[in-house]
Amino acid sequence: MKKFSDVRVRMAPSPTGFFHVGSARTALYNWLFARHHNGTFILRVEDTDVVRSSEKMIQVILDGLTWLGLNWDEGPYFQSKRLDAYMTYVKKLLDSERAYYCYCDPEELEKEKKEAYKNKIDWQYDRRCLKLSSAERDQKEKLNVPKATRFLVPDHPVEYYDSIHGKITREAEAIEDFVIMRHNGVPTYNLACVVDDHDMGISHVIRAVEHITNTPKQLLLYEALGLPKPEFAHLPLILGEDKKKLSKRHGAVSLMWYKKQGFLPDAMINYLALLGWSPGDDKEIMKKDELINRFSLERINPANAVFDITKLEWMNGQYILTMSDEELLNHLKPYLTTARFIEQHEIESKHDWLIHVCRLMKPRLKTLSEINEKGRYFFLDDFEYEKDALSKHLNKKTLLLIKKFSAELKIIQNFNAQSIEQTLRNFAKKNNVKAREIIHPLRVFVTGLEGGPGLFETLELLGSETCMRRINKVFEVHGSTSDS
Ligand code: GLU
């Protein structure tokens with residue numbers, strides 16, 4: 001059996017909203033750290049917010065991690081099923097007078113806070129319930145006034161060493177007596193997180209920098225409960241190109257969107273790994289094994305990282321390039337059938353032809369879904385001509401030339417790339433024109449695009465009949481609109 005080290009890390013998503021690429025990176029860094037140290041990667045679903053959490057979202061997270069190949073060794077654990085454990089720790093804090101009941105109405109407190117904010121006054125809970133006399137407390141209990149539990153923040157600063165950001169100090173005055181258990185008996189994030197991280201034996205908490213202000217609170221809880229503390233590492237923010245926090249405004253941020261677009265999981269992993277971490281040299285293309293080998297917290301850059309979709313597309317293209325034609329075909333099949341380029345039952349009989357299409361398209365695809373626009377003409381006649389591509393060839397000279405050449409194209413016996421090329425070059429010579437004067441318009445007439453794979457192979461794959469039909473269509477529609 002595989003031996004695990006003492007390294008135990010976790011990914012602790014809240015199943016609300018969607019699976020953000022930033023969360024995917026957090027999961028990846030935890031996973032890489034665990035695998036590098038032969039440790040344990042744990043999945044914990046933080047679903048105590050019953051209103052915002054959903055089953056569907058949990059499934060999206062599981063699917064996303066599975067798609068990326070970030071397998072977990074334990075879990076998923078669900079916080080909603082551990083309410084008793086949290087209660088036990090809250091009781092301990094109450095018994096040792098490190099926590100106290102708060103009978104204040106949260107809505108009233110919220111109002112006070114807003115008012116203070118409006119008047120630009122700092123607001124903190126003023127411990128009014130800590131100051132209640134026992135008679136006042138008894139009275140509240142008798143009246144069954146709903147109560148939350150607050151942690152009594154001690155009067156000393158919190159100091160700790162973050163593996164990425166170094167020494168961090170937070171003054172006690174900056175931390176109010178925060179709620180650890182709500183009126184409804186549900187723990188708040190900080191309490192549940194500490195209890196879980198302890199109970200699950202987490203050695204390193206590697207999470208988004210958004211949580212860095214929670215860490216001092218959590219450290220105070222560890223201290224009050226007499227629990228050993230894990231190491232902390234807060235990952236830098238991911239920004240959009242305008243240097244603002246990456247959000248929907250910048251385009252797609254949901255992991256599943258990238259899956260749908262046909263980004264490959266290995267390319268995604270490779271890209272996300274470099275979004276805040278570097279191996280210390282210029283190497284960019286690294287598969288999982290190499291990433292596992294080289295990953296370390298020390299090489300995470302504390303500065304925020306910028307999400308660059310162009311770079312991700314480039315990287316994905318590199319991964320597509322290294323695929324065999326057969327692999328690419330397997331990846332493209334769902335796109336081809338969904339776009340109705342080909343029916344499922346035709347795939348086998350057209351296998352060799354499809355493989356040839358894959359070979360031609362491989363260097364041209366940055367994502368799998370690009371086959372929809374870049375490869376449509378291989379399958380269907382109803383492609384659109386690229387903007388302005390056709391009009392520039394609709395002049396008398398070109399039309400005459402293509403008309404004349406198409407007569408020769410039509411009678412090629414063995415319609416393959418070689419014979420097409422031969423015929424075209426001979427024709428160009430005979431007519432004293434450059435080969436490209438035929439190649440460019442011909443490509444647009446037959447594919448609708450100005451660029452693409454080698455024209456002769458493309459024509460061969462399309463077949464004589466399709467080529468002639470498309471050329472004739474241009475003449476039918478535009479033959480009379482050419483200048484004279
Ligand atoms: N549930 C938190 C989140 O999704 C995770 C907090 C943590 O990792 O401690 O942001």
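In listed order, ligands and their atoms are each counted from 1. What you see is a predicted model, and the numbers here were worked out from it, not measured in a lab.
Looking at heavy atoms from C-beta onward, Asn190 lies out of side-chain contact with Phe151 at the 4.5 angstrom threshold.
When hydrogens are left out, the protein atom nearest atom 5 (C) of ligand 1 is Ala12 O, 3.1 Å; that is the closest non-hydrogen contact. When only non-hydrogen protein atoms are considered, atom 3 (C) of ligand 1 lies nearest to His211 NE2, 3.7 Å. In terms of protein heavy-atom proximity, atom 6 (C) of ligand 1 is closest to Tyr189 OH, 3.2 Å.
Using a 30° and 60° split on the angle between ring planes, His211 and Tyr189 fall in the tilted class, from 30° to 60°. Ring pair Phe383/Tyr385 is perpendicular by interplanar angle, where above 60° counts as perpendicular and below 30° as parallel.
Of the heavy atoms in Cys193, only side-chain atoms (C-beta onward) come closer than 4.0 Å to ligand 1. For Glu210, no heavy-atom contact with ligand 1 is shorter than 4.0 Å.
Of all the atoms in ligand 1, the ones that sit under 4.0 Å from a non-hydrogen atom of Glu46 are 1 (N), 2 (C), 5 (C), 6 (C).
With Tyr258 as the fixed residue, the ring-ring contact (aromatic ring centres under 6.0 Å, His included) test singles out one of Tyr271, Phe263, Phe18, Trp67: Phe263.
For Arg10, the closest heavy-atom approach to ligand 1 falls below 4.0 Å.
A salt bridge links Glu112 with Arg128: the distance from a Lys NZ or Arg NE/NH1/NH2 to an Asp or Glu carboxylate oxygen falls below 4.0 Å.
In terms of N/O distances under 3.5 Å, ligand 1 is not approached by Val205.
Between His204 and Phe33, the distance separating the two ring centers is shorter than 6.0 angstrom.
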